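Note sheet for the following structure.
Since the structure is predicted, the reported quantities are computational estimates derived from the model, not experimental observations.
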Amino acid sequence: MTDRSPAAGKPIRTAITDEDGIDFAIIELFFFAYRDFTSDPDQILADYGFGRAHHRVLHFVNRRPGLTVAELLDVLKITKQSLARVLKQLIDTDHIVQLQGPRDRRQRELYPTARGRALALALARPQSRRIHAALEDSGTTERALVERFLEAMVNPELRAQIDVGPAKMSGKSHGEQ
């Protein structure tokens with residue numbers, strides 16, 4: 001539907017504010033934080049001709065070796081077509097290997113190679129340094145508070161996908177820690 005009122009197409013010269021209870025300050029901080037959080041890995045990825053999708057795939061395959069393609073699609077919420085292109089590049093460049101599932105031959109399990117592990121660590125190191133510096137600079141001593149806040153930002157029905165550390169990796173659910 002096209003707006004044909006006299007005001008349509010005219011510039012608005014005032015900034016949007018916290019109207020209707022919208023927290024623009026936090027939204028804007030998320031935009032800036034994400035920009036800077038991804039900037040270091042983006043530079044590294046560019047050397048490989050890779051992008052952020054490659055980073056996400058490398059991250060989850062390294063954190064959950066043996067993850068199936070179907071599980072990865074569910075975690076990333078991307079199309080099979082989008083994943084196929086990225087995964088092919090990562091396999092062709094020897095960052096990831098794809099093996100047939102031991103129980104179901106149709107399943108494809110994904111594992112990092114030594115090269116894929118090294119790249120995942122190279123991408124994570126500057127992000128980890130940034131996180132530690134931000135916690136220190138903000139005076140935040142309660143890391144768990146930051147983790148709870150970020151977890152609460154994830155849709156409730158998808159929170160089971162959150163990997164919160166070694167307890168989760170060993171098979172315990174988030175609530176059993």
Side-chain angles (χ1 to χ4, degrees), residues 15-48 50-80 82-83 85-87 89-90 95-96 109-112 116-177:
I16 196 167
T17 60
D18 292 346
E19 298 169 12
D20 300 320
I22 297 173
D23 196 336
F24 286 110
I26 296 290
I27 291 169
E28 196 165 298
L29 285 171
F30 266 101
F31 282 130
F32 287 124
Y34 181 73
R35 176 199 65 196
D36 294 348
F37 182 71
T38 57
S39 65
D40 296 318
D42 283 351
Q43 291 175 359
I44 297 167
L45 290 162
D47 292 340
Y48 291 84
F50 293 165
R52 290 184 185 160
H54 297 85
H55 185 182
R56 289 188 296 272
V57 169
L58 279 166
H59 173 83
F60 285 107
V61 170
N62 273 278
R63 289 289 289 160
R64 302 172 188 178
L67 185 73
T68 66
V69 169
E71 290 167 335
L72 185 58
L73 284 168
D74 191 45
V75 167
L76 298 177
K77 298 295 182 206
I78 60 174
T79 66
K80 196 180 284 188
S82 296
L83 178 60
R85 179 188 61 79
V86 168
L87 199 50
Q89 290 174 314
L90 290 168
H95 288 91
I96 289 179
E109 294 179 346
L110 303 171
Y111 296 88
R117 174 65 50 95
L119 179 55
L121 289 169
L123 297 169
R125 280 187 188 101
Q127 290 183 315
S128 184
R129 282 192 298 269
R130 187 177 292 276
I131 289 166
H132 289 290
L135 288 170
E136 193 173 295
D137 289 352
S138 67
T140 303
T141 58
E142 187 61 41
R143 177 191 173 94
L145 178 65
V146 175
E147 288 179 1
R148 284 192 306 272
F149 170 78
L150 292 171
E151 185 174 341
M153 291 288 296
V154 175
N155 289 340
E157 68 276 9
L158 299 176
R159 289 182 190 154
Q161 295 177 334
I162 297 172
D163 180 27
V164 294
K168 183 81 170 206
M169 298 299 288
S170 68
K172 290 183 182 177
S173 70
H174 184 54
E176 296 176 38
Q177 294 180 13

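- The local environment of NZ in Lys80 is sparse, with at most 12 non-hydrogen atoms from other residues, nucleotides or ligands closer than 6.0 Å.
- Interatomic distance, Leu123 CG to Leu45 CG, rounded to the nearest 0.5 Å: 5.0 Å.
- Contact record, Val86 with Ala53: CG2-CB, 3.7 Å, taken as the closest heavy-atom pair.
- Summarising the local packing, CD of Glu157 is surrounded by more than 12 heavy atoms from other residues, nucleotides or ligands at distances under 6.0 Å.
- With rounding to the nearest 0.5 angstrom, the CG atom of Leu67 is 5.0 Å from the CG atom of Leu72.
- Using a distance-only test at 3.5 Å, with no hydrogens or angles considered, no donor-acceptor pair links the side chain of Ser128 to the main chain of Ala124.
- Between atom CZ of residue Arg125 and atom CG of residue Asp40 there is a gap of 13.5 Å, rounded to the nearest 0.5 Å.
- Note: Leu110 CG to Leu90 CG = 9.5 Å, rounded to the nearest 0.5 Å.
- Closest heavy-atom contact between Glu151 and Ile162: CG-CD1, 3.4 Å.
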Worksheet item: side-chain contact (heavy atoms from CB on, under 4.5 Å) between Phe50 and Ile44: does it pass, once the steps are laid out?
Response: CA-CA 9 Å; Phe50 293 165; Ile44 297 167; over 6 Å; no

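- In terms of heavy-atom proximity, Pro65 sits nearest to Arg117 at CG-NH2, 4.2 Å.
- The closest donor-acceptor contact from the side chain of Asn155 to the backbone of Leu158 lies at 3.5 Å or more, if one exists at all.
- Shown here for Arg130 and Ser39, the closest heavy-atom pair between the two residues is NH2-OG, 3.9 Å.
- The main-chain N or O of Leu76 is never found under 3.5 Å from a side-chain atom of Arg56 such that the two would form a donor-acceptor pair.
- Between the side chain of His54 and the main chain of Gly51, a donor-acceptor pair closer than 3.5 Å is present.
- Taking both residues in full, the closest heavy atoms of Phe24 and Ile16 are given as CZ-CD1, 3.5 Å, listed atom of the first, atom of the second, then distance.
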Worksheet item: Does the pair Phe31 and Ile27 meet the rule for a side-chain contact (heavy atoms from CB on, under 4.5 Å), with working shown?
Response: CA-CA 6 Å; Phe31 282 130; Ile27 291 169; 3.5 Å; yes

Discussion item. Set out, in order, the CA-CA distance, both residues' side-chain angles and the distance that settles side-chain contact (heavy atoms from CB on, under 4.5 Å) for Thr38 and His55, then state yes or no.
Written reply: CA-CA 10 Å; Thr38 57; His55 185 182; over 6 Å; no

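- For Val154 against Arg159, the heavy-atom pair with the smallest separation is O-NE, 2.8 Å.
- With values rounded to the nearest 0.5 angstrom, Asn62 atom CG is found 7.0 Å from Leu121 atom CG.
- Within a 6.0 Å radius of CZ in Arg143, other residues, nucleotides and ligands contribute 12 heavy atoms or fewer.
- With Arg52 contributing its side chain and Asp42 its backbone, the two residues share no donor-acceptor pair below 3.5 Å.
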Item to complete: For side-chain contact (heavy atoms from CB on, under 4.5 Å), just list the numbers for His59 and Gln127, CA-CA rounded to whole Å, side-chain angles, deciding distance to a tenth of an Å, and then say yes or no.
Response: CA-CA 12 Å; His59 173 83; Gln127 290 183 315; over 6 Å; no

